[in-house]
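Take a look at the structure below.
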2 protein chains.
Amino acid sequence: MRKGAETRERILDQAVRLASRDGLEGLTIGTLSTELGLSKSGLFAHFGSKDELQLQVLQATVQRFEETVIHPALSAPRGEPRIRAVFENWLAWENNPSMPGGCLLIAAAVEFDDRPGPQRDFLQEAHRRRFAFVAKAARMAVETGHFRPDLDVEQFSFDVTAIALGYHHLHRMLRDPKADARARATFERLMADAKACAFTR
Amino acid sequence: MRKGAETRERILDQAVRLASRDGLEGLTIGTLSTELGLSKSGLFAHFGSKDELQLQVLQATVQRFEETVIHPALSAPRGEPRIRAVFENWLAWENNPSMPGGCLLIAAAVEFDDRPGPQRDFLQEAHRRRFAFVAKAARMAVETGHFRPDLDVEQFSFDVTAIALGYHHLHRMLRDPKADARARATFERLMADAKACAFTR
DNA sequence: GACGGAATAGAACGATCGTTCGTATAGTTC
DNA sequence: GAACTATACGAACGATCGTTCTATTCCGTC
């Protein structure tokens with residue numbers, strides 16, 4: 001019971017690594033087990049099905065995202081500092097060494113957005129929560145007076161998401177070394193707009 | 001020689017449809033052939049390998065993108081009108097019925113961005129060309145005086161790309177009916193910034 | 001130290017994968 | 001219409017997929 005949880009974590013760790021490169025469907029029990037020095041059936045017994053393995057991989061990834069991006073940002077002061085913390089942590093997350101093939105949440109979203117099932121349901125919920133978190137942080141920034149009162153906080157959340165996706169694309173597909181600078185430039189423009197009072201706009 | 005080209009087109013048409021939902025790797029010669037009423041080996045003979053099939057699917061998709069998004073935009077006047085045409089055509093492209101699973105170029109980019117090979121090379125080149133096209137259109141808008149002279153046209157191209165990716169995410173993963181409005185709102189903010197002279201910024 | 005359940009291994013299952021081969025059919029060319 | 005080539009089919013290949021079953025080994029508890 002103790003040992004099982006340990007190896008299960010080892011399995012999930014490597015599974016996240018593999019899935020980030022080959023996708024959740026490209027993730028294979030055979031290659032995963034041999035890379036870990038386990039037998040196929042031994043590994044399989046931990047999950048009972050590939051669907052369950054995929055789900056647990058997604059759950060582990062979301063948990064890491066929250067630990068890496070969300071929670072640290074919560075210890076930053078409300079308002080602009082927290083917004084900036086989320087953005088910086090998010091950019092860093094995209095280069096997290098536990099996902100050498102790039103953010104698994106983005107890859108899985110594209111892979112499963114048209115395949116009904118528990119994987120898609122879970123991903124939808126996770127992305128929705130993340131979207132709402134950024135919107136809430138923006139709402140707080142309005143309340144603290146850092147952002148203008150008439151800011152559409154959900155539109156702001158969409159804009160931040162778009163920047164992250166654009167960064168992922170430029171960084172991973174085009175391998176553009178300017179990806180970081182481009183994302184930051186757009187973010188600063190977004191921040192300036194969110195802060196500008198209605199008269200100067 | 002005549003007949004072969006016809007069925008090859010029929011195959012690619014259905015292949016694009018399937019790949020947009022299941023991914024290029026999830027696209028299977030077996031299911032593709034049965035859906036078309038062909039034999040596996042008969043279909044296979046048209047391409048010689050799955051890699052070649054995937055490549056031709058990508059080529060067909062890029063060609064359609066250019067016919068749907070790029071070429072019509074070229075018949076719009078240089079400057080702001082052409083920029084707007086590209087953006088509108090791009091949004092429409094994301095809902096093209098030939099790709100019921102969403103834009104294959106985005107899906108394939110995420111799927112192959114970490115797998116070296118001819119598929120990735122082709123995708124990289126295609127996305128690079130698209131990026132350059134938008135930048136060039138923005139440069140023309142600067143020359144026509146629609147955009148401010150100090151605009152970073154490549155940054156502008158990045159921003160447009162990010163909006164399209166954000167739209168794709170909100171539309172296909174979150175199924176948010178406001179996706180269209182969100183993308184347009186961000187685009188208008190981007191346009192306003194590109195037009196604003198240095199003093200009012 | 002014996003017991004019991006959890007953890008792992010090994011072999012095999014049917015299904016499907018991409019691919020090959022030999023053969024029949026359909027189309028084009030003279 | 002004969003000759004020829006392009007096109008399509010059917011059967012089979014070895015490999016790998018997820019999964020099942022049985023047997024073995026490990027570990028914590030009395």
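Just so it is clear, the values below take in all heavy atoms, side chains as well, and ignore hydrogens, waters and symmetry mates. A, B, ... follow the sequence lines: proteins, then strands. Residue 1 opens every chain.
- Among the nucleotides C/dA11, D/dC9, C/dT8, the one closest to any side-chain atom of A/Ser41 is C/dA11.
- Here A/Thr7 reaches the OP1 or OP2 of C/dT8: one of its side-chain N or O atoms lies under 4.0 Å away.
- Spacing between atom CG of B/Leu36 and atom P of D/dA8 amounts to 11 Å, rounded to whole angstrom units.
- Remark: the A/Gln124 side chain and the B/Arg175 side chain contain no N/O donor-acceptor pair separated by less than 3.5 Å.
- Going from atom CG of A/Asp51 over to atom C1' of D/dT19 covers 12 Å, rounded to whole Å.
- Between the side chains of A/Asn96 and A/Ser98, at least one donor N or O lies within less than 3.5 Å of an accepting N or O.
- If you check every strand for non-hydrogen atoms under 4.0 Å, A/Ala45 touches a base.
- B/Arg184 pairs by the side-chain contact (heavy atoms from CB on, under 4.5 Å) definition with B/Phe87, B/Glu88, B/Leu91, B/Asp180, not counting sequence neighbours.
- Within the nucleic acid shown, A/Leu43 has no heavy atom closer than 4.0 Å to any nucleic acid atom.
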Just the table, please: protein N/O against nucleotides 14-18 of chain C N/O, every pair under 3.5 Å.
residue	atom	partner	partner atom	Å
C/dC17	OP1	B/Thr28	OG1	3.3
C/dG18	OP1	B/Lys50	NZ	2.9
C/dG18	OP2	B/Ile29	N	3.2
C/dG18	N7	B/Lys40	NZ	3.2
C/dG18	O6	B/Lys40	NZ	3.3

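- In this structure, A/Gly26 reaches neither bases nor backbone, as no heavy-atom distance under 4.0 Å exists between it and the strands shown.
- With hydrogens and angles disregarded, no donor-acceptor distance shorter than 3.5 Å links the side chain of A/Asp193 to the backbone of A/Arg189.
- Although no hydrogens or angles enter the test, the distance criterion places no donor-acceptor pair under 3.5 Å between the side chain of A/Thr7 and the main chain of A/Arg10.
- Computed from coordinates, the A/Ile11 CD1 to C/dA9 C1' distance equals 13 Å when rounded to whole Å.
- OP1 or OP2 of C/dT8 sits under 4.0 Å from a side-chain N or O of A/His46.
- In this structure, the CZ atom of B/Phe47 is 17 Å from the P atom of D/dA6, given to the nearest Å.
- Computed from coordinates, the B/Glu6 CD to D/dA6 P distance equals 17 Å when rounded to whole Å.
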Q) Passes salt bridge (Lys or Arg N to Asp or Glu O under 4.0 Å), A/Arg115 versus A/Glu25? Steps please. A) CA-CA 12 Å; A/Arg115 293 200 231 163; A/Glu25 211 61 52; 3.1 Å; yes
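- A ring-centre distance under 6.0 Å is found for B/Phe147 and B/Phe156.
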